[in-house]
Undergrad: 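Can you keep this structure in mind? I'll have questions shortly.
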Amino acid sequence: MLIHVINPNTTAGMTDKIGACATRVAAPGTRIQVSQPESGPVSIESHFDEAISTVGVLEEVRQGEAHGADAYVIACFGDPGLLAARELTRAPVIGIAEAGFHLATLISTRFSVVTTLSRTAIIAEHLLAQYGFRDHCRRVRAIDLPVLELENPAGNAYEALLAECRRARDEDGIGAIVLGCGGMADLTQRLTEALGLPVVEGVSAAVKLAESLVSLGLGTSKHGDLAFPRPKPFVGRFADWGA
Ligand code: 5HY
């Protein structure tokens, strides 16, 4: 099977990291194709960034349809464009936040999320409510470093993340931690060993959930609100989306 993993931001180093993580966990017989939009924010740290990045996500899904992708992963913790992307394909589309939440509830009764900037915590909180996991999550914490600090080898992002994860483990009454950024995809093993409790990372979780759905013959339902969009003309910069 072919899983198309989309990094919604436009930082190639993070795309490569996400692709390496997806490839590492993929089963034999699963091919991973990773991509990022040609246009959009270098990192997604606000409602505005998310809104802009959604167009790029949808353009990547359109290209995936042309290449015969069997499933898609949206590798940004805000799951930008998830439902709109599902309308464009019969394949499964999995967001890394929803994947992380789902797996965390299968191995613990309560979990906390640790993400980057405090201002984006509300995005994770909105998703927890939307997906029905609000009662399972004790707290959404943040290290208050910009997303691209995770790409700075000279920075202290890992140390800040480990310290916040320790506080979550010791204060929140949880059994697991969900990492709240696609850029944390390479830190799972180190953090798990350092913390002594399960650390769920969304890219890995989403790839395995996508494999499971494809192997069960389950894809996005076209009955109801996730049916293909009604054909209509689009004008201006989106004219090529029209029918
Ligand atoms: C992400 N931003 O996973 C989110 C993380 C965040 O560029 N990739 C980004 O902080 O919401």
Side-chain angles (χ1 to χ4, degrees), residues 4-22 25 34-60 72-82 85 93-104 112-131 133 137 139-152 155-158 160-161 164-165 168 177-188 191 199-207 209-210:
H4 186 161
V5 180
I6 301 164
N7 172 20
N9 73 39
T10 53
T11 294
M14 191 175 292
T15 303
D16 294 343
K17 180 193 310 185
I18 288 167
C21 170
V25 300
V34 67
S35 72
Q36 64 187 50
E38 286 182 12
S39 307
V42 295
S43 62
I44 298 165
E45 301 172 316
S46 67
H47 303 295
F48 175 79
D49 295 348
E50 288 240 342
I52 297 289
S53 71
T54 297
V55 176
V57 168
L58 298 176
E59 286 170 349
E60 292 305 305
Y72 298 89
V73 169
I74 298 177
C76 170
F77 204 72
D79 296 351
L82 181 63
V93 184
I94 311 290
I96 66 171
E98 69 172 348
F101 298 159
H102 276 282
L103 292 199
S112 285
V113 173
V114 182
T115 188
T116 52
L117 292 176
S118 295
R119 68 173 290 169
T120 62
I122 188 66
I123 295 173
E125 288 164 18
H126 285 165
L127 293 179
L128 286 161
Q130 180 181 333
Y131 300 148
F133 293 120
C137 182
R139 186 169 169 188
V140 178
R141 291 173 171 265
I143 59 176
D144 271 322
L145 288 174
V147 168
L148 294 188
E149 265 305 296
L150 292 162
E151 305 307 301
N152 175 8
N156 68 333
Y158 174 76
L161 183 57
E164 195 63 37
C165 288
I177 286 173
V178 175
L179 297 183
C181 181
M184 299 174 182
D186 60 337
L187 301 175
T188 318
L191 289 166
V199 174
V200 181
E201 185 281 316
V203 174
S204 313
V207 168
L209 287 173

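Numbering of residues begins at 1 and proceeds along the displayed sequence. Counting convention: from 1, in listed order, for ligands and their atoms alike.
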Undergrad: Using side-chain heavy atoms (C-beta onward) and a distance below 4.5 Å, is Val199 in contact with Cys165?
TA: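 No - every pair of side-chain heavy atoms lies 4.5 Å or more apart.
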Undergrad: Once side chain to side chain donor-acceptor pair (under 3.5 Å) is applied, do any residues pair with Ser46, and if so which ones, sequence neighbours excluded?
TA: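 Asp49.
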Undergrad: Write down, by chain and number, every protein residue that brings a non-hydrogen atom to less than 4.0 Å from an atom of ligand 1.
TA: Asn9, Ser43, Ile44, Cys76, Phe77, Thr115, Thr116, Thr120, Val147, Gly180, Cys181, Gly182
Undergrad: Can you pull out every side chain to side chain donor-acceptor pair (under 3.5 Å) where at least one residue sits in residues 5-14? Sequence neighbours excluded, please.
TA: Asn7-Asn9, Asn7-Thr15
Undergrad: Are Leu191 and Leu179 close enough that some pair of their side-chain heavy atoms sits under 4.5 Å apart?
TA: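 Yes - at least one pair of side-chain heavy atoms lies under 4.5 Å apart.
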Undergrad: Quick one: salt bridge (charged side-chain N to carboxylate O under 4.0 Å, His left out) pairs with a partner in residues 72-81, sequence neighbours left out?
TA: none
Undergrad: Treating Ser204 as the side-chain partner and Val200 as the backbone partner, does any N or O pair qualify as donor plus acceptor under 3.5 Å?
TA: no
